[in-house]
2 protein chains.
Amino acid sequence: MRLEKSQDFTQLFSQKCAEHGLKITPQRSAVCAELMKAKDHPTADAVYKRVREKLPNISFDTVYRTLLLFTELGIISLVEGYGEQKRFEPNLHQHHHFRCVKCRKIFDFESDTYDQIAVPKEARNYGTVIHKRVVLEGVCARCRRT
Amino acid sequence: MRLEKSQDFTQLFSQKCAEHGLKITPQRSAVCAELMKAKDHPTADAVYKRVREKLPNISFDTVYRTLLLFTELGIISLVEGYGEQKRFEPNLHQHHHFRCVKCRKIFDFESDTYDQIAVPKEARNYGTVIHKRVVLEGVCARCRRT
DNA sequence: TACTATATAGTAATCATTCTTATTTGTCAA
DNA sequence: TTGACAAATAAGAATGATTACTATATAGTA
Ligand SMILES: [Mn+2]
Ligand SMILES: [Mn+2]
Ligand SMILES: [Zn+2]
Ligand SMILES: [Zn+2]
């Protein structure tokens, strides 16, 4: 039985909180709910704006801390960038990215071929590989048109 | 005839400056010289400290602006990071990275196999791919020991 | 050499991120 | 159900990287 993505997320959240003795607060639940819905790779500020629709009194600090906490717990992760604002990755499934160099949007795609690429000896000598990710950079269809 | 890497760099620098009508100043030359020597992926501050050995009066601002200028001109590029300080990439040759999640060092390696991986249709639909890069993340040999 | 657009140094402003502190709240044992 | 208390929050200040400003200096050119 494959869990729904949303159940997946909420479960992971509760489980990780329990594991680490962390409290389940309305703020954390709200951030979790927003991440669950997110189809993009939002900045902390973007998440803050979205969560405020539900919890108008939540502070930016709490959202930010919560995002870092979730990253720490492995509920989400960080997307590689170029020294700009942090962008968060709510998509837990192994996947790869197409990045538009103009509008900076990041598109997800999955590829068994990419997942299975062998690690060259030269790289293996550097250390133990935990994640493999392919980054494709270019100009997205929308930006190409303009 | 294959150019030496250093000639490569200096030539590219002069050529790009000429192309864009930019002046060749001692500051720019010094930054260029440091980048040429760099074996790592230095931050702006690291470059600043190194250049000051040669030009004690150079300002951080000038170094920073010069690094951004060089990036713009394609003499160097930026390394993908996680919302920390910008790190610059003086290695122009097509290559890939092993990143240590503990010490944050970034190791270069080359791989024809990686260079030639095909772009999946799903990714092609997003836009035109310009660069392909594989990012391997893990724990480097040194950090594994401790 | 003299001219002029460009570049620089020094410094201030901005913006993301992190820290501090007083107050509030979730959890749990009684 | 209640009270104690560790943990979490809001608000705002501090930090640190990045960017903008401006008076002065200089590379390139005739
Ligand atoms: Mn993604
Ligand atoms: Mn590199
Ligand atoms: Zn785009
Ligand atoms: Zn390491």
Side-chain angles (χ1 to χ4, degrees), chain A residues 10 13-34 41-49 51-73 75-88 104, chain B residues 10 13-34 41-49 51-73 75-88 104:
Chain A
T10 311
F13 166 56
S14 323
Q15 179 206 316
K16 289 287 183 179
C17 284
E19 263 178 34
H20 295 262
L22 298 166
K23 293 175 179 169
I24 293 177
T25 65
Q27 290 88 344
R28 284 176 181 166
S29 298
V31 170
C32 188
E34 278 308 326
H41 300 82
T43 61
D45 199 59
V47 176
Y48 174 53
K49 288 198 174 78
V51 172
R52 275 224 299 202
E53 305 279 314
K54 296 290 171 57
L55 291 183
N57 289 319
I58 196 170
S59 71
F60 176 78
D61 185 70
T62 294
V63 173
Y64 198 90
R65 255 185 303 100
T66 302
L67 289 169
L68 294 185
L69 175 70
F70 285 2
T71 304
E72 196 71 24
L73 297 178
I75 297 175
I76 56 174
S77 65
L78 276 167
V79 181
E80 65 280 357
Y82 295 100
E84 296 149 344
Q85 281 170 281
K86 284 189 177 67
R87 294 180 66 171
F88 297 89
R104 309 254 135 172
Chain B
T10 311
F13 166 56
S14 322
Q15 178 205 316
K16 289 286 184 182
C17 284
E19 262 178 36
H20 295 262
L22 299 166
K23 293 177 179 171
I24 294 178
T25 64
Q27 289 88 345
R28 283 177 182 166
S29 298
V31 170
C32 188
E34 276 311 324
H41 300 82
T43 61
D45 200 58
V47 176
Y48 174 55
K49 287 198 175 75
V51 171
R52 276 224 298 203
E53 305 281 312
K54 297 291 171 57
L55 291 183
N57 289 319
I58 195 170
S59 70
F60 175 79
D61 184 72
T62 294
V63 172
Y64 198 89
R65 253 185 306 100
T66 302
L67 289 169
L68 293 184
L69 176 69
F70 285 3
T71 304
E72 195 72 23
L73 298 178
I75 297 173
I76 57 176
S77 65
L78 277 166
V79 181
E80 65 279 359
Y82 295 100
E84 295 152 344
Q85 280 170 279
K86 284 188 177 68
R87 293 181 66 170
F88 296 89
R104 309 256 134 171

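Note that these values count all heavy atoms, side chains included, but never hydrogens, waters or copies made by symmetry. To find a chain, count down the sequence lines: A is the first, B the second, and so on, and within it residues start at 1.
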Let me know the distance between [atom1] of [X] and [atom2] of [N], rounded to the nearest Å.
X: B:Tyr48; N: D:dG16; atom1: OH; atom2: C1'; answer: 15 Å
X: B:Arg28; N: D:dG28; atom1: CZ; atom2: C1'; answer: 13 Å
X: B:Glu19; N: D:dG28; atom1: CD; atom2: P; answer: 16 Å
X: A:Leu78; N: C:dA16; atom1: CG; atom2: C1'; answer: 14 Å
X: B:Leu69; N: D:dA20; atom1: CG; atom2: C1'; answer: 17 Å
X: A:Asn57; N: D:dG12; atom1: CG; atom2: C1'; answer: 16 Å
X: A:Glu72; N: D:dA8; atom1: CD; atom2: P; answer: 13 Å
X: B:Ile58; N: D:dA25; atom1: CD1; atom2: P; answer: 17 Å

Quiz item: Taking A:Ser59 as the fixed residue, which of A:Thr62, A:Asp61, A:Asn57 is the one that meets the side-chain hydrogen bond (donor to acceptor under 3.5 Å, both in side chains) rule?
Solution: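 That would be A:Thr62; it is the only one of A:Thr62, A:Asp61, A:Asn57 passing the side-chain hydrogen bond (donor to acceptor under 3.5 Å, both in side chains) with A:Ser59.
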Quiz item: A:Phe13 and A:Phe70: aromatic ring centres closer than 6.0 Å?
Solution: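 Yes, ring centres under 6.0 Å apart.
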Practice problem: Tell me what B:Asp45 touches on the nucleic acid: a base, only sugar-phosphate, or nothing, going by heavy atoms under 4.0 Å. | Solution: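 Touches nothing.
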Self-check item: Residue B:Glu72 excluded, over 12 heavy atoms near CD under 6.0 Å
Solution: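 Not buried by this count: 12 neighbours or fewer within 6.0 Å.
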Self-check item: Heavy-atom donor-acceptor pair, B:Arg87 side chain to B:Val79 backbone, under 3.5 Å
Solution: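 No; zero donor-acceptor contacts below 3.5 Å.
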Quiz item: What is the per-nucleotide protein-contact pattern of nucleotides 17-30 of chain C, from the 5' end, where B denotes a base atom under 4.0 Å from a protein heavy atom, S denotes such proximity for sugar-phosphate atoms only, and - denotes neither?
Solution: BSB------BS---
Quiz item: After noting the C-alpha distance and the side-chain angles of B:Leu73 and B:Leu22, does the key distance pass the side chain to side chain contact (heavy atoms under 4.5 Å, CB included) rule?
Solution: CA-CA 11 Å; B:Leu73 298 178; B:Leu22 299 166; 3.9 Å; yes
Quiz item: Would you say a side-chain N or O of A:Thr62 is under 4.0 Å from OP1 or OP2 of D:dT9?
Solution: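 Checking A:Thr62 against D:dT9: no side-chain N or O falls below 4.0 Å of OP1 or OP2.
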Quiz item: Any idea which heavy atoms bring B:Thr71 and B:Ser77 closest together, and the distance?
Solution: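 Scanning both residues completely, I find the closest heavy atoms to be CG2-CA, 4.2 Å.
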